[in-house]
There are 2 protein chains.
Amino acid sequence: MGRPTVTDIAREAGVSLATVDRVLNARPGVRAKTIAAVTEAVARLGYVRDMAAANLARGRTTRVAILLPDTESQFVQTLQDALEEAAALATSARMRVDLHRYPASDMHALAALLADLAAGGISGVALMAPETPVLRDALRALQAAGVPVVAMVSDLPNSAPAHFVGIDSHAAGRTAAMLMGRFLGAKTPRVMVIAQSMLLRDSIERRRGFDAVMLRDFPGIEVGQTLETHGAPETLRQVMRLSLESSGPVGGIYLLGSGHRALAQVLSELGLLGRVVTIGHELTPHTTAALRAGWMDAVIAQNVGHIARSTLRVLQAKADQQPINESQERLRLEIILRENLPPSP
Amino acid sequence: MGRPTVTDIAREAGVSLATVDRVLNARPGVRAKTIAAVTEAVARLGYVRDMAAANLARGRTTRVAILLPDTESQFVQTLQDALEEAAALATSARMRVDLHRYPASDMHALAALLADLAAGGISGVALMAPETPVLRDALRALQAAGVPVVAMVSDLPNSAPAHFVGIDSHAAGRTAAMLMGRFLGAKTPRVMVIAQSMLLRDSIERRRGFDAVMLRDFPGIEVGQTLETHGAPETLRQVMRLSLESSGPVGGIYLLGSGHRALAQVLSELGLLGRVVTIGHELTPHTTAALRAGWMDAVIAQNVGHIARSTLRVLQAKADQQPINESQERLRLEIILRENLPPSP
DNA sequence: TCACTTTTGAGGTACGCACATCATTGCTGC
DNA sequence: GCAGCAATGATGTGCGTACCTCAAAAGTGA
């Protein structure tokens, strides 16, 4: 005897197949008493609906949309690649994934895109975006229309997403601090913190976590203010020179966001490349090269492959109104050094 | 128009459904020319077999066996828990998993168990075991009978397993060395290496990787010979005292295998707990507690949840004669510090 | 008790595929 | 040109479920 089927449930509950179907799919026209009988039979036999067969019978192909900013970021590009690979595989499981890039600076365009999607009859949306009021309203409307929303990488707590796929940014910052503190050793106990901008929630949280551990475990190390570069290499050069002049030399650099290539350039000009402990975030071709070259000491990352697969699994589960396997979907915060770099494919 | 189906392939290739079926399922009695025509139609239409429907039609439930040693090891226990959880979920995907523990000291018993399984008509076997000649022969026989074998945690290169699920132990050792070297800082540049035994392949490889990086990047640090404890706390106490007396104090301890609790005890007796950099392997309740308490500085681990799910996915793929998604099955080597400990459930 | 509504039963079709059977076609050598 | 065999076609059944229709039974109120 294999797994129980609807037929077994019908026999066990003493009702017809049609009634079992009505109960399982929450169709109207069944007495409470009958519902209870079927539910009990389900529990007794340990019946689990065969979702594959169910979706086959429904004939529906789950259609989901994924929205990424059109930033020229290596990380976003890496994530997109991972999503495309995962989407190709998901095709064999009756799922169609539409990937869109939205203008990062125009939240109204994003909101309009979301409205279009809602009208187009989609069964789920996942997105990576900073939480603005416009977006929040758009997402709430989407969810009110019954479309589940999944936040990727950066959480959207005020939009009440159905799920968040990403790591704890505060823990990421704490981990960076722990490594920085221990790697610094006898080097100048001063750390420079650099960010493109502090608008994104994850940057802010990383910084908070970094400070918390620095203050608690390494009180002897001085941590500077966040230097914002707004993505411009020239600004980076200026703020770094200014900071070094006014506060003196540093033993470590913590890069909150992207901009690794520009940093390498400036460090090289200053004769600091490989002489200061450098810690950053996210595994991209640039950071991989930097680790391999030896001038970056550690990268705190989240596995984009996992993010992609987890996102699709969660969207599928939501579409099927199935529960989520928390332990599988919990992303690990990864520490990457030169020695545990993943083998290049 | 949704996804193409076998019917579309038949029309496109100008053949019948039966022939498409013969080609897709590699059944005999089709001319090479016809096979080519069908294959081309598949490529042209971008046909992807609906595995859900296929498995439904096959009506077969994949039965696999998983064999773990009956060692009283926290890691093995953790792995078993993960496998049981994954197995419970796999049930809804038409897969039955039988978990066995074999006597760790009796390879003949393991071989006999494997022979039984082969006779019982099983579609796959996964196991964690040291590679002995007896086992190697048993595994070869099993594979000759068409049963795919998956090695878990510790590879079995001479038994030519269909797949290995686990991390690169050499890289694990290299990573441990990197952290040890950098964490030591101004501490006594001498490291003690402790193992239960050096019989297992992964212990040996870790040690090799550790030495390689120590030699290359930290030539000033002296690394002692491997002290074997054979799992006995009393032996651990003796060899540690002996080593400290003969070679002098150490600044770090590298624990190759298990035995974290006994180590804590002895370190405490010696007044060294928390005063030497301690690095070990695998995330278990003991090591988690040690990291939290602060006397262990880092743990190099592999995610048992991933091992479990990956093992089942690979076995399923082998049973379905489907290709394996390498990028999903590649396990990451994890570095765990206190700050990035996974939140307790 | 009768007309009425609500609840339940019986049965069919479909989803995309695997697998089986039997009939038919094409090709080979003689 | 015919036996003999390989290649192909035609057709049916079933996997577990969804969804539909129509008929029958049970329950309701007056």
Side-chain angles (χ1 to χ4, degrees), chain A residues 1-39 41-42 45-62 90-96 123 319-322, chain B residues 1-39 41-42 45-62 91-95 123 319-322:
Chain A
M1 257 302 293
R3 302 167 47 191
T5 71
V6 276
T7 314
D8 300 319
I9 301 298
R11 194 181 339 99
E12 182 78 10
V15 298
S16 73
L17 266 177
T19 301
V20 172
D21 176 71
R22 288 179 184 113
V23 174
L24 288 183
N25 295 291
R27 288 184 234 283
V30 188
R31 270 184 307 177
K33 209 177 135 190
T34 314
I35 294 181
V38 173
T39 312
V42 166
L45 296 186
Y47 168 81
V48 192
R49 190 198 303 239
D50 183 333
M51 286 312 297
N55 282 332
L56 176 60
R58 286 200 185 94
R60 86 157 76 115
T61 305
T62 313
T91 305
S92 76
R94 328 185 57 74
M95 174 173 233
R96 219 189 86 191
S123 47
D320 292 348
Q321 316 228 44
Q322 286 275 102
Chain B
M1 255 300 294
R3 302 167 46 192
T5 72
V6 275
T7 313
D8 301 318
I9 301 298
R11 191 180 342 97
E12 182 78 10
V15 298
S16 74
L17 267 178
T19 299
V20 172
D21 177 70
R22 288 183 184 108
V23 174
L24 287 184
N25 294 289
R27 288 184 234 281
V30 188
R31 271 185 307 178
K33 206 177 138 192
T34 314
I35 294 182
V38 173
T39 312
V42 166
L45 297 186
Y47 169 80
V48 192
R49 190 198 303 239
D50 184 333
M51 284 311 296
N55 283 330
L56 178 59
R58 285 200 184 95
R60 79 158 80 111
T61 305
T62 315
T91 304
S92 73
R94 333 186 60 76
M95 174 174 233
S123 46
D320 292 350
Q321 315 229 44
Q322 285 276 104

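By convention in this document, chain letters (A, B, ...) are assigned in the order of the sequence lines, proteins followed by strands, and residues within each chain are numbered from 1. Only this structure's heavy atoms are used, side chains among them; waters, hydrogens and symmetry mates stay out.
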Length of the CZ-P vector between A:Arg27 and D:dT17, whole Å: 13 Å
Nearest-Å distance for atom pair CD1/C1', residues B:Ile9 and C:dA18: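 For the pair B:Ile9 CD1 and C:dA18 C1', the rounded distance is 16 Å.
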Nucleotides 8-13 of chain D: protein proximity per nucleotide (B base, S sugar-phosphate only, - neither; heavy atom, under 4.0 Å): BBB---
Atom pair [atom1]/[atom2] of [X] and [Y] - distance to nearest 0.5 Å:
| X | Y | atom1 | atom2 | answer |
| --- | --- | --- | --- | --- |
| A:Arg27 | A:Asp21 | CZ | CG | 4.0 Å |
| A:Thr19 | A:Arg31 | OG1 | CZ | 10.0 Å |
| A:Arg58 | A:Met51 | CZ | CE | 5.0 Å |

Side-chain heavy atoms of B:Met95 within contact of B:Asn55, under 4.5 Å: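 No - every pair of side-chain heavy atoms lies 4.5 Å or more apart.
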Please write out the pairs of protein N or O atoms and N or O atoms of nucleotides 12-17 of chain C separated by less than 3.5 Å, giving the distance to one decimal.
from   : atom 1 : to      : atom 2 : distance (Å)
C:dC15 : O2     : A:Leu56 : O      : 3.4
C:dC15 : O2     : A:Ala57 : N      : 3.2
C:dG16 : N2     : B:Ala53 : O      : 3.3
C:dC17 : OP1    : B:Tyr47 : OH     : 2.5
C:dC17 : OP1    : B:Asp50 : N      : 3.4
C:dC17 : OP2    : B:Val6  : N      : 2.8

Heavy-atom closest pair, residues A:Ala52 and B:Ala52: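 Closest heavy-atom pair between A:Ala52 and B:Ala52: CB-CB, 3.5 Å.
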Closest non-hydrogen atom pair, B:Ala37 against B:Ala13: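 Result for this residue pair: O-CB, 3.9 Å.
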Side-chain donor/acceptor of B:Arg22 to backbone N/O of B:Gly29, under 3.5 Å: no
Among A:Thr34, A:Val15, A:Asn25, the one residue meeting side chain to side chain contact (heavy atoms under 4.5 Å, CB included) with A:Val20: A:Val15
